[in-house]
Number of protein chains: 2
Amino acid sequence: MLTLSTLFFYARVVAGKLQRKPKGAYHHPDLECALVDAALQTIRREGVEALTLRDVAARLGVSRTALYRHFKDKSALLARVALEGFRLFRQALQSAIDRARSSGADPMEEMGVAYVAFAMTNQSHYKTMFGSAIGDWEQYPDLALEADGAFAVLLNTIVEEQRASRIVGGDPVPLAHVIWAGVHGLAMLELAGCLDRNGAAKIDLTALVRLHSRILLDGLRRTGSTLRTKR
Amino acid sequence: MLTLSTLFFYARVVAGKLQRKPKGAYHHPDLECALVDAALQTIRREGVEALTLRDVAARLGVSRTALYRHFKDKSALLARVALEGFRLFRQALQSAIDRARSSGADPMEEMGVAYVAFAMTNQSHYKTMFGSAIGDWEQYPDLALEADGAFAVLLNTIVEEQRASRIVGGDPVPLAHVIWAGVHGLAMLELAGCLDRNGAAKIDLTALVRLHSRILLDGLRRTGSTLRTKR
DNA sequence: ACCTGAACACCGTTCAAGT
DNA sequence: ACCTGAACACCGTTCAAGT
């Protein structure tokens, strides 16, 4: 057990720096990455609030305090999970838009569907990204940057649709917030189990997202006076 | 200290059953209610996740285990806080609708404003109601009932607007889900601090809610083919 | 009946100590 | 440098014991 991981360590040192650092019996090469993976695995199976540092350490065969060599504390680890989540998220949204544009479908509607679909298939990531587990967001500027990047995908799409005169003009930020709120709300309500309780039948979430998009886009296509934002 | 609360106890026994039960030094009359109040107070000041049973017990001058005489466990206490929250919530929504109807304002828009306003002024309640702190919702049927009651306020308003032909017909449940998602999403994003980061200025949340309502209602006033729900 | 103290099985985090 | 074991200050919950 010990000797095997020691071999791994030496193999990495040789491959990496061509100079073997001495003695220390490292239990895991690239512990940092392994910690994130193990954490994500636990979150997937048992939820964010069930995540325990002691457990991930035990599963990696590592001391409980080894984690603190790589992360300041528990929330820093969660911030890292969220960061990875936002990367996947932005990618998913962007590719949905690209697909829609090349197939003639509505980019906004397809982005909405992709948004909620991401939240459903990556519940662990999504809950970590928007839940309260991380705490002080200001503390992780790289995380905020990645989140802003995902928001920019939505914002850019709105601006392009405005340029093509498919939706009303004006400040795109409030419009983005309204659209964001809709899909985020659908995702959060479904994750909280709020949508399944009324009406015995299991809900068709994708259909609901499409309904939401069409209502919203119908509203956004009108240019009437009701759409003037109060300032 | 002890003698004072003992007096309280005796006073209560005499007033209640006209027959004094003996001896026991009860530290608090109506402990159950006091526990809920103390819990809510802590949640208000420090958030749901900072709530500690040991702390509420200490603040009430009661043993750490006294709580278990009144609640099965911690989440049962939180469920009780949420229950109270849903009662206040329904009341707030209903009175906003009534006010709008008698003043000629749009009931749906005013309900939306009241919804988000409730979430902002009662953040502790709202987070407990829709956060993950409670856990198994199925375990508290009375809570689910009260939540359904609040949802019914929204549903009834939609049906009445449909009868008055002010919005499109059809199954009101999906429409209710879409509207709910919008206001819930706005509230959750604001509570998570997501709306304030883009654009330096502090956001006018009420204006954003009104914008949301108007876009949605503009969409809902159209009767075009895009609004047929897939089934 | 209602409440208590001691105890159990957990947490995250720190820190001197090892190699 | 990287990792460890022991320790600290917390949790929720149980349970035999008091009155």
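In what follows, every chain begins at residue 1, and chains take the letters A, B, ... in the order their sequences are listed.
Applying the side-chain hydrogen bond (donor to acceptor under 3.5 Å, both in side chains) test to A:His125 and every residue at least two apart in sequence or in another chain returns nothing. Partners of B:Ala176 under the side-chain contact (heavy atoms from CB on, under 4.5 Å) rule, at least two apart in sequence or in another chain, are B:Phe151, B:Leu154, B:Leu155, B:Ile158. Residues satisfying the side-chain contact (heavy atoms from CB on, under 4.5 Å) criterion with B:Val113, sequence neighbours excluded, are B:Thr206, B:Val209, B:Arg210. Every residue meeting the side-chain hydrogen bond (donor to acceptor under 3.5 Å, both in side chains) condition with B:Asp98, not counting sequence neighbours, appears here in chain and number order: B:Gln94.
Applying the 4.0 Å criterion to OP1 and OP2 of D:dC3, one finds that A:His70 has a side-chain N or O inside that range.
Between B:Phe118 and B:Tyr126, the two ring planes are perpendicular [angle over 60°; tilted spans 30° to 60°].
D:dT13 atom P lies 10 Å from atom CG of B:Leu78, rounded to whole Å. Spacing between atom CG of A:Leu60 and atom C1' of D:dC2 amounts to 15 Å, rounded to whole angstrom units. Separating the CD atom of B:Glu32 from the P atom of C:dC2 is a distance of 10 Å, rounded to the nearest angstrom. At whole-Å resolution of the value, CG in A:Leu67 and C1' in C:dT14 are 14 Å apart. Look at CG on B:Asp73: it is 8 Å from P on D:dT14, rounded to the nearest Å. A:Arg69 has its CZ atom 11 Å from the P atom of C:dT14, to the nearest Å. One can place CG of A:Leu31 at 18 Å from P of D:dA1, the figure rounded to the nearest angstrom.
For residues 49-65 of chain A, the salt bridge (charged side-chain N to carboxylate O under 4.0 Å, His left out) pairs, not counting sequence neighbours, are A:Asp55-A:Arg59. The list of salt bridge (charged side-chain N to carboxylate O under 4.0 Å, His left out) pairs with a residue in residues 69-79 of chain A, not counting sequence neighbours, is empty.
Proximity of B:Asn156 to B:Ile97: side-chain heavy atoms (C-beta onward) are nowhere separated by under 4.5 Å.
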Pairs of donor and acceptor atoms involving the side chains of residues 79-92 of chain B, under 3.5 Å and at least two apart or interchain, shall be tabulated with distances.
from	atom 1	to	atom 2	distance (Å)
B:Arg80	NH1	B:Glu32	OE2	3.1
B:Arg80	NH2	B:Glu32	OE2	2.9
B:Arg90	NH2	B:Glu146	OE2	3.1

Polar atoms only, N or O, under 3.5 Å: list the protein pairs with nucleotides 6-11 of chain C and their distances.
from	atom 1	to	atom 2	distance (Å)
C:dC11	O5'	A:Thr52	OG1	3.3

Secondary structure string for DNA chain C (Watson-Crick or G-U under 3.5 angstrom, | for other-strand pairs) = ||.|||||...|||||.||
